[in-house]
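Worksheet for the structure shown next.
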Amino acid sequence: MASHYSLNLNASLTTEQQATLEDHALISALQRAEAGAYETLIQRFQAPVYNLAWRLLDNPADAGDVVQEVFLKVFRNVDNFRGDSSLRTWIYRIAVNESHNKRRWLFRHRKGETAIDDIFPADDNREAPLVDTGETPFDFTMNREAQLLLEEGLAAISPAFRTALVLREIEELSYEEIAHILDISMGTVKSRIVRGREALRCYLANRINPANSLEMARGPVKWGLEAGNIK
């Protein structure tokens, strides 16, 4: 049975402070190779990492491959973790990098497709800033059919835009966390999110027939879908 690395040393701690203490306790246990620490890590992050990779790659088998690579890298590099970011941010950065590596490999083996590096060169300053003045595609409460359509739209837009949107809208990470995970500037993060929202909005507008009975009411999207259940 996995050990639970949970602390409650001070009831006045904020949720963020409590999470930080728990991260430090788990990392220390991993670095000491304590029994149950790795199992605890996997139980905590396996499903989130799988769901993130699934949305970035739109393929359950590829997402499963990424999960394996992510935890292998975590296990091999945990001794080098110095706490410059949260444990989640560190693991998500590995997951995003591995997902992009997987996508690059797939692009090299699929004729006629363009690699992400060809779309977004290293010079991120080329991305002009935009002002987002409209409501986003996520500003809706939708039924299951519309949720599936939104997932389809995410899979259709540029991988760089998709990654930024997933981290912001679904994983609810801060701009600072996303910038750290993607190793880009805050301005580039905001630019990709704005452009991603616009690309997704256009995709949905083209796919939705106003005569259909699909109703979209303003409010937060209900992400009831999980990419998969991992036993």
Side-chain angles (χ1 to χ4, degrees), residues 2 26 30 38-78 85-120 137-138 142 144-173 177-178 180-184 189 192-193 196-197 199-200 203-204 221-231:
L26 179 54
L30 289 167
Y38 287 111
E39 186 177 349
T40 298
L41 180 77
I42 291 174
Q43 287 180 345
R44 180 175 169 186
F45 288 104
Q46 185 180 43
V49 168
Y50 176 83
N51 288 328
L52 175 60
W54 183 84
R55 286 192 168 99
L56 297 184
L57 296 170
D58 195 34
N59 184 291
D62 293 338
D65 292 341
V66 166
V67 170
Q68 294 184 44
E69 290 299 320
V70 167
F71 283 104
L72 280 174
K73 289 205 168 182
V74 170
F75 297 158
R76 290 170 181 168
N77 294 284
V78 68
S85 66
S86 70
L87 180 59
R88 180 179 70 163
T89 297
W90 182 56
I91 292 176
Y92 275 21
R93 182 172 186 175
I94 296 173
V96 168
N97 288 339
E98 288 303 314
S99 295
H100 286 177
N101 289 340
K102 186 71 173 179
R103 179 174 291 280
R104 291 186 185 102
W105 185 91
L106 292 171
F107 277 135
R108 287 197 300 269
H109 292 78
R110 289 177 181 172
K111 190 174 181 180
E113 295 194 59
T114 304
I116 186 173
D117 289 338
D118 296 331
I119 302 173
F120 292 93
F138 296 88
M142 297 186 275
R144 181 176 176 83
E145 181 182 356
Q147 288 186 33
L148 291 173
L149 181 59
L150 186 55
E151 295 280 7
E152 177 187 316
L154 283 172
I157 66 175
S158 161
F161 294 164
R162 181 193 315 150
T163 301
L165 278 181
V166 168
L167 291 174
R168 178 64 177 172
E169 306 286 5
I170 300 175
E171 300 299 334
E172 299 183 335
L173 300 182
E177 288 175 309
I178 298 171
H180 186 85
I181 289 171
L182 301 181
D183 195 24
I184 57 179
V189 168
R192 289 188 183 183
I193 290 172
R197 286 170 176 166
L200 186 55
Y203 179 89
L204 295 177
V221 71
K222 302 298 184 182
W223 283 96
L225 297 177
E226 291 298 331
N229 295 321
I230 302 178
K231 301 297 185 181

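Atoms CG and CD, from Asp58 and Glu151 in turn, are 8.5 Å apart once rounded to the nearest 0.5 Å. Atom OG of Ser86 is separated from atom CZ of Arg93 by 12.0 Å, given to the nearest 0.5 angstrom. Here Asn59 contributes atom CG and Asp65 contributes atom CG; the two are 8.5 Å apart, rounded to the nearest 0.5 Å. How far CZ of Arg162 is from CZ of Arg192: 13.0 Å, rounded to the nearest 0.5 Å. Put simply, CD1 on Ile157 and CZ on Arg197 are 11.0 Å apart, with the number rounded to the nearest 0.5 Å. Note: Tyr92 OH to Leu173 CG = 6.5 Å, rounded to the nearest 0.5 Å.
When side chains are defined from C-beta on, Phe71 does not count as touching Tyr38, because their heavy atoms never get closer than 4.5 Å. Two residues are said to be in side-chain contact when any heavy atoms from C-beta on lie closer than 4.5 Å; Leu57 and Lys102 meet this criterion. Between Glu177 and Glu171 there is no side-chain heavy-atom pair separated by less than 4.5 Å. At least one side-chain heavy atom of Leu41 sits less than 4.5 Å from a side-chain heavy atom of Leu87. Using a 4.5 Å cut-off on side-chain heavy atoms (C-beta onward), Trp90 and Val74 make contact. A heavy-atom distance below 4.5 Å is found between the side chains of Glu39 and Gln43. Considering only heavy atoms from C-beta on, Asn97 stays 4.5 Å or farther from Ile181 through its side chain. Residues Leu154 and Ile170 meet the side-chain proximity criterion, which asks for heavy atoms closer than 4.5 Å.
For Tyr203 and Glu152, the side-chain atoms include at least one donor-acceptor pair closer than 3.5 Å.
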Practice problem: Take Arg103 and Leu56, measure what side chain to side chain contact (heavy atoms under 4.5 Å, CB included) needs, and give me the verdict at the end. | Solution: CA-CA 9 Å; Arg103 179 174 291 280; Leu56 297 184; 5.5 Å; no

Quiz item: Is there a side chain to side chain contact (heavy atoms under 4.5 Å, CB included) between Leu167 and Leu182 once you walk through the steps?
Solution: CA-CA 10 Å; Leu167 291 174; Leu182 301 181; 4.1 Å; yes

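The nearest pair of heavy atoms linking Tyr50 to Gly64 is CE1-N, 3.9 Å. The heavy-atom pair separating Val70 from Ala95 by the smallest distance is CG2-CA, 3.5 Å. In this structure, Val66 and Ala53 approach most closely via the heavy-atom pair CG1-CB, 3.8 Å. Here the closest heavy-atom approach between residue Glu172 and residue Glu169 is recorded as CG-O, 4.1 Å.
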